[in-house]
Amino acid sequence: MDPFTQEVIHEALISVVAEMRVTLLRTSFSSIIYEGQDFSCALADRHGRLAIQSREDFPAHVGPLNMQVPQAIAKYAGKIFPGDLILVNDPFTSGTHLNDVALISPIFWQNEIAMFACSRAHWGDVGGMTPGSLSGQTTEIFQEGIRIPILKLHNRGRPNEALYDLLFSNVRQPRDRRGDLMSQIAAAKCGTDRVLAMIERFGRDQLIGAIELILNRSEARMRQQIGRLPKGTYSFMDYLDSDGHSDQPVRVCARIKVKADSLEVDFTGSASQRPGPTNASLAVTSTAVFITMKALLDPDGHINSGAFRPFQITAPVGSLLNAAYPAPMGGFVEVLRRVESTLMGAMGQCTPDRVAGDTKGCANHLYISHLANNAVRSIHYEYPAGGTGGFNGGDGSNTVREWDTGDFSSIHSAEIVEIEHPCLVEECSLRQDSGGVGKWRGGLGLRRIIRLLGEEGRLSVLSDRNVLPPFGVNGGDAGLPNQFIVIRDGQPIKTSTLAGKVSGFRLLRNDRVIALSAGGGGFGDPRERDPELVRRDLEAGYVSAAAAGRYQLGSNARNSAVRATTLIARLDGRGVATNGTDTGLERVALSHSTATSLGLEASSIVEVFGTLGVPMRASVQVENTVPVESVVISDQVASILGCSTGDPLNLRPLMRGRDFEE
Amino acid sequence: MTGPAASLSLRAGVDVGGTFTDLVAVDAASGRLTARKTPSTRNQADGILTGLSSVTVNLASFTDISHGTTVATNLLLEGKGAKTALITTPGFRDAIEIGRCRRLVPGGIFNLRFVRPTPIIPRQQRFEVEERIGADGAVLTPLDEEAVMRLGERIAKVGVEAVAICFVNSYVNPTHERRAQELLQQALDGTFVCCSSDILPLIREYERFSTTAVNCAVAPAMARYMASLVEVLRSRGYRKNVYTMASNAGLLLPETVMEQAVRTVLSGPAAAVNGAMYIGKLADRRQLITYDMGGTSTDVCLIDRGEPLVAADTVLAGMPIGISQIDIHSIGTGGGSVAWADLDGSPRVGPRSAGAVPGPIAYGKSGREVTVTDANLLLGWLPEKILDGAMTLAVDPVRKAFDQLVVTFNYDRHREDLAEGLIRLAVASMASSVRRISIERGHDPRDFSLFAIGGAGPVHATLVADELEIPEVIVPPMPGNISALGHLVGDLKHNAVQNFRVPLEHFHEANGAAILNALTAQARRRLGSGGTGPRATRSRFAADLRYAGQSYQITVPLSRPFAIDRIRKDFVAIYRKRYGHVHQEAIEFTNLQAICSADKQTPIVLDLTSGPAGRPDTVHNAYFGGRWHKTVIVHRSSLHAGRELSGPAIVEEYGATTVVPPGWMARCGAAGCLFLTRRK
């Protein structure tokens, strides 16, 4: 095919998705769709392979369609007809979480499927144990709302009224949800009409041929980029704060094998699926791999299943990255983000210049609902963005959508909040000192205070990186973690046993909910930062005078201003074994005197790192047999950091978020 | 149309562009037009003076001068706004920096190196002062006037040119903002102080604050510029008003420009749309899509029933501007867009442009990279001599460059096929742009005429029309000077808007009439005091409505008397047209607006059809659809009314070329326009 015809078809198909988006956006009823734009549209080819998405769609929504549409085709093999609409939100057939409802619409040309028009939109509520449906304290998928397996919503153009009735009997605010579904149907109709018009113009065979070429080119392009990486095997481990039930960190473990023109990613060693909502489907895990590798290797290329092909992904069934029924999945975004962080850690050894400081690491779902007479009157829902990471050549940005997601709003206008809910937005400001220090500083997080003016309310939070903050890279420090606090009568009160996981906490009039989002991680040694940039940060108040001291040059390696200490690594197996369980950090052993001099005690969390790459988080074990000025590490930590006995190894106590100050 | 003018009653439209200042003057008695092009100058007033003086030395001959300026736009794009302080409600110091946590500039996704645009007012110049208004307008915390005074002293020490007062919920109760403005104006004599409730009295603090901050950033420079322009024109004998084109395609009086400079950020493109509306009316075409393709970019806008679509959610350099402006979609595809091969070998065109320097290879400067203009030349779509013979295009280097490109792309056909392919790519992205302002807004492009302007618009218009099945292309007289013409024929215009949320069924019709009267009076005040005598004003009204529960609103034109039933019917009809379905939900008002306009003085009369005698036609070869065709080149001046041309044909004129491909025909008709249609 003529390459120009192919490009013209490609451009036209992208404009079809753009039109579907506009249609959905402008007619929806969930504020998270119309204000938050938490939805995506895409076109799949006749085999169900993801073919086209626009530049504005959310990769985590669209990626899983690549497995889900073929599953829908398989379920209704030979029984998909013109006028059918297929609805699904089930995470166990390649969905995300139950709030994300996908509508798949076959596009028929002369009695044959030509393409599929798809959308996935986050409904404001799908039932379940708390208003808004997402909670940090679920133990089964049934608590997260109504589960819709792959089902025909319409059959040959006729609505399945029973399904409509059942669906809207099981969600809160059914009127709005029905409006959302109508919007998705309108988008499907728009996509169908436009694709059919294109077939009229270009012919079916030419259209299908162009799509085939588009996918093949994307594949070749990704393979070419992989081919330029240093070959080898790179591993890393990162952790979720907790699973919502125990307070132990949950491990995500990745081993990346860079081959001539493909990548193998093996997640063996990651924790088994959790009793809480931090679980994900293999479709989500695969999407996380794609998102990270695309950002590192080919940010400008098109997003389609062709570009997915060079990745072989293994995640054990029953692990939190490939969870089985009936695991709750509400926190899939937290898992997705941690997979991305873990891969960033591994690639930090492969190509340290390209990685960037970590970000807030979760969605930060925050719900404040207002109750009157024991009934939910309104739900305020937002998901505050944090700072992005410093990178080679620039500071991270303040409070902005991260690199792995679409450009949608993540907080509402205060004036809209105050008109729609009995709330007063008291503050919406930048969180000073929250960005990780580094040659290139991490961006700042957000500080947002909302006072409940109504008599009674409920607070739910589903967040992560409240304990283990976003990491810095290549010597840069971590950003401050996410924190959620309720102040009653001037005092912070306990809302849950686990940081960042709150389920239906009862709010009273004048309670103040304080959301502090994480700052981004820094890049590079802070002592190399241009003093002029430090001065500017001080002047703007992004950094306080106290924190600016951490950029000062210190002749003493133990200068507390710099915080990191260089010790001698020992791998002599004296008492430090690799952590073989699902939860808990790797351990490092220090002598009592070394620990004391660093202000550490048993179980303190530290970062250990070489000069380049991403620090490992580990838990301190105090052993008097360890020589002074030394640190004993496990084989696993040594192999990840590429460190042998006698090598210098940096150790840094983990920054703790300051307690809330007025 | 380019002859000298000697009348004592001249009117002028001047458009200041990046490279050239275009001028069109009309002799009020004969309607005869004069066009001039002079280089733009650093102080834009100098270039304007040069242009006007080239028409007549004594500027007293002019009865009105209207112009478009890029002063505001350039300041914003270059990040060189005035040093401004912002005063806001406690807790909202960072509102303009945080926004909704959106990037608001393209290219962020998958980009680990994304950098958010710098806030227009740096953090150290943003201050909080004790006060709070509730969502219902009640005073929750009174304004701390002493604190305002102290802040005034502090700001005086910092030394700023402007102060933006931006309080939460001021759209419903502006008293705190007004009082703080009074106090600060006293404390900071001569500093520009403006309130968010005056610039944009609408809900959503971020958009309102951002718009106000942008206004402050551009107002001082605009005031200086306007003062120098008025002064320099006065010194040459011109004592009448100098009008400025606003982004809503209406003219502003100098005092409004100085207070609300943010209204001029789309001055030039708005004028082009205004020119198109004007010519469209003369040519009896009220459904137009303007297609303005220049050297580096293409602007498109849709005109529905004689009025341009407006948008209130424009973003410029990462900053939302919430005032109502014409809905122009702009993409980086122009005549100078460069062809390149992507990582996977796919051919691409733009958005990088060869610009004015080095320019396309065809211009024979230092350009080395193939551009869309080069493709046009290779195919014989441009005459080799352009600008009335003042410039000869370089064909040989273009051929060589294409031969090289055939190798780069590993292309298995002729270089001419490659050139046609590149043009198809450019056309595809321009067609997407047209889709955005038509189909995505609920309009079918097949119901419109494509109004081709700009140097490269008339070259590619039929191809864009083919892509979207648009039945007719219109090329107006002077397609390269349409902005200047748009200024010349502009009317004064002002939108007054009031925000409130009331369900349709709870709204009293008498109340609606009263609000519209008040808005009309407010808008008329903005149009008055011009000092050129009484002017007839016209008022239109519109309501922004939505289904309760939705966020996006639809603008419904209102006719008087104010009738709720008709408003509901109109809303439902427009909604259904745009989205294909309707809902059962209640409908609510969000805004009411009055759009008032007034003539500058007497209506303008233009003679668009006369011109110098024609030149003989010539014939050369041009490449269309994979083969060479004998193609006639006709000078536009010899296309008298009624003459028909069958494609393939090229129509040349000063500053633009119209391509009539095989299968199309061109006819010269009303208002001096060329009408291109497909041959039956």
Side-chain angles (χ1 to χ4, degrees), chain A residues 2-4 7-8 11-12 15 18-19 22-23 26-27 29 31 34-35 55 176 179 182 186 189 217 220-221 224 294-295 298-299 301 356 384-385 388 391 393-394 397-401 403 405-411 413-416 418-419 426-430 446 449 539-542, chain B residues 90-95 97-98 100-104 106 108-116 122-124 134-135 140 168-169 171 203-207 343-348 409 411 413 420-422 424-425 428-429 431-432 435-436 439-440 501 549-552 578-581 583 585:
Chain A
D2 178 66
F4 298 104
E7 289 300 323
V8 167
E11 171 74 24
S15 80
E19 271 173 47
V22 170
T23 305
R26 301 228 161 160
T27 59
F29 276 78
S31 68
Y34 65 67
E35 293 269 1
R55 281 260 152 213
D176 289 2
M182 290 303 117
K189 179 178 180 299
R217 283 203 166 202
R221 181 174 166 137
Q224 183 190 21
K294 181 168 167 53
D298 184 20
T388 57
F391 57 89
S397 292
N398 299 335
T399 60
V400 71
R401 300 302 303 170
W403 54 271
T405 155
D407 189 22
F408 40 80
S409 306
S410 59
I411 54 173
S413 152
E415 290 171 349
I416 297 276
E418 292 182 6
I419 222 168
E426 293 191 339
E427 186 174 336
C428 181
S429 63
L430 295 173
L446 187 69
I449 307 180
E539 189 186 10
Y542 293 145
Chain B
F92 289 85
R93 180 185 180 192
D94 296 325
E97 182 163 356
I98 293 167
R100 303 283 164 65
C101 308
R102 289 191 58 188
R103 304 179 194 114
L104 290 180
I109 198 164
F110 299 114
N111 180 3
L112 291 162
R113 294 160 177 256
F114 173 77
V115 177
R116 212 176 172 185
R123 195 162 193 261
Q124 54 270 31
L140 303 181
V168 171
N169 289 326
Y171 74 99
I203 193 168
R204 290 194 169 89
E205 71 282 0
Y206 169 51
E207 286 75 0
L343 287 177
D344 54 19
S346 303
R348 307 256 181 260
F409 284 146
Y411 190 63
R413 291 162 69 184
E420 278 202 297
L422 294 176
R424 284 176 69 201
L425 293 188
S429 64
S432 293
R435 280 193 188 100
R436 290 197 83 133
I439 298 167
E440 291 184 20
R501 293 180 160 198
Q550 286 191 331
S551 166
Y552 276 89
R578 193 167 299 183
Y579 301 121
H581 65 272
H583 299 278
E585 315 305 321

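Residue numbers start from 1 in every chain, and the chains themselves are labelled A, B, ... in the order their sequence lines are given, proteins ahead of strands.
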## Note on the structure
Residue set satisfying side chain to side chain donor-acceptor pair (under 3.5 Å) with A/Tyr542, at least two apart, ordered chain then number -> B/Glu97
#### Entry: Leading residue by heavy atom contact count with chain B [cutoff under 4.5 Å; candidates A/Ala385, A/Ser15, A/Ala12]
A/Ser15
### Query
For chain B, which of A/Arg401, A/Glu7, A/Glu415 has the most heavy-atom pairs under 4.5 Å?
A/Glu415
### Message
Taking salt bridge (charged side-chain N to carboxylate O under 4.0 Å, His left out) as the definition, give me every residue that meets it alongside A/Glu19, ordered by chain and number, with sequence neighbours left out.
### Response
A/Arg194
### Query
Going by distance alone, is a donor N or O of one side chain under 3.5 Å from an acceptor N or O of the other, for B/Glu205 and A/Ser413?
yes
### Task
May I ask you to name which of B/Leu425, B/Val168, B/Leu104 has the most heavy-atom pairs under 4.5 Å with chain A?
B/Leu425
### Selection from B/Gln124, B/Glu420, B/Arg436, B/Arg348 maximising heavy-atom pairs under 4.5 Å formed with chain A
B/Gln124
### Task
Determine, stepwise, if the pair B/Glu440 / A/Thr23 fulfils side-chain contact (heavy atoms from CB on, under 4.5 Å).
CA-CA 8 Å; B/Glu440 291 184 20; A/Thr23 305; over 6 Å; no
### Message
Under a 4.5 Å cutoff for heavy-atom pairs, which residue among A/Leu430, A/Val8, A/Asp298, A/Leu446 has the most contacts with chain B?
### Response
A/Leu430
### Message
If I measure from the heavy atoms of chain A, does B/Leu140 come under 4.5 Å with its side chain, its backbone, both, or neither?
### Response
side chain
### Heavy-atom proximity to chain B below 4.5 Å, by part of A/Phe4
both
### Largest heavy-atom contact set with chain B, pairs under 4.5 Å, which of A/Asp2, A/Asp407, A/Thr388, A/Val400
A/Asp407
### Query
Any donor-acceptor pair under 3.5 Å linking the side chain of A/Lys294 with the backbone of B/Phe110?
no
### Query
chain A heavy atoms under 4.5 Å from B/Pro90: which part of the residue, side chain, backbone, both or neither?
backbone
### Query
Side chain, backbone, both or neither: which part of A/Ala220 has a non-hydrogen atom closer than 4.5 Å to chain B?
neither
### Query
Could you walk me through whether B/Ile109 and B/Arg103 pass the side-chain contact (heavy atoms from CB on, under 4.5 Å) check?
CA-CA 9 Å; B/Ile109 198 164; B/Arg103 304 179 194 114; 4.1 Å; yes
### Task
Using non-hydrogen atoms and a 4.5 Å limit, figure out which bit of B/Tyr206 sits close to chain A: side chain, backbone, both or neither.
neither
### Task
Dump the intermediate steps for side-chain contact (heavy atoms from CB on, under 4.5 Å) on B/Ile98 and A/Ile411, then the final yes or no.
CA-CA 10 Å; B/Ile98 293 167; A/Ile411 54 173; 3.8 Å; yes
### Message
Only pairs of heavy atoms separated by less than 4.5 Å count here; which of B/Gly108, B/Ala135, B/Ser346, B/Ala95 has the most with chain A?
### Response
B/Ser346
### Query
Does a donor on one side chain and an acceptor on the other come within less than 3.5 Å for B/Asn169 and A/Glu418?
yes
#### Entry: Sidechain-backbone polar pair: B/Arg93 side chain, A/Cys428 backbone, donor-acceptor under 3.5 Å
no
### Task
State plainly whether the residues B/Arg100 and B/Glu207 are in salt-bridge range, i.e. N to O under 4.0 Å.
yes
## Note on the structure
So, the part of B/Pro122 with a heavy atom under 4.5 Å from chain A: the answer is neither
### Summary
Most contact-rich option vs chain B, by heavy-atom pairs under 4.5 angstrom, among A/Ala414, A/Gly394, A/Ala356, A/Pro3, is A/Ala414
### Message
Given heavy-atom pairs under 4.5 angstrom as the criterion, report whether the side chain, backbone, both or neither of B/Arg435 touches chain A.
### Response
side chain
### Query
If you count heavy-atom pairs under 4.5 Å between each of B/Leu422, B/Ile203, B/Ile439, B/Asn111 and chain A, which one has the most?
B/Ile203
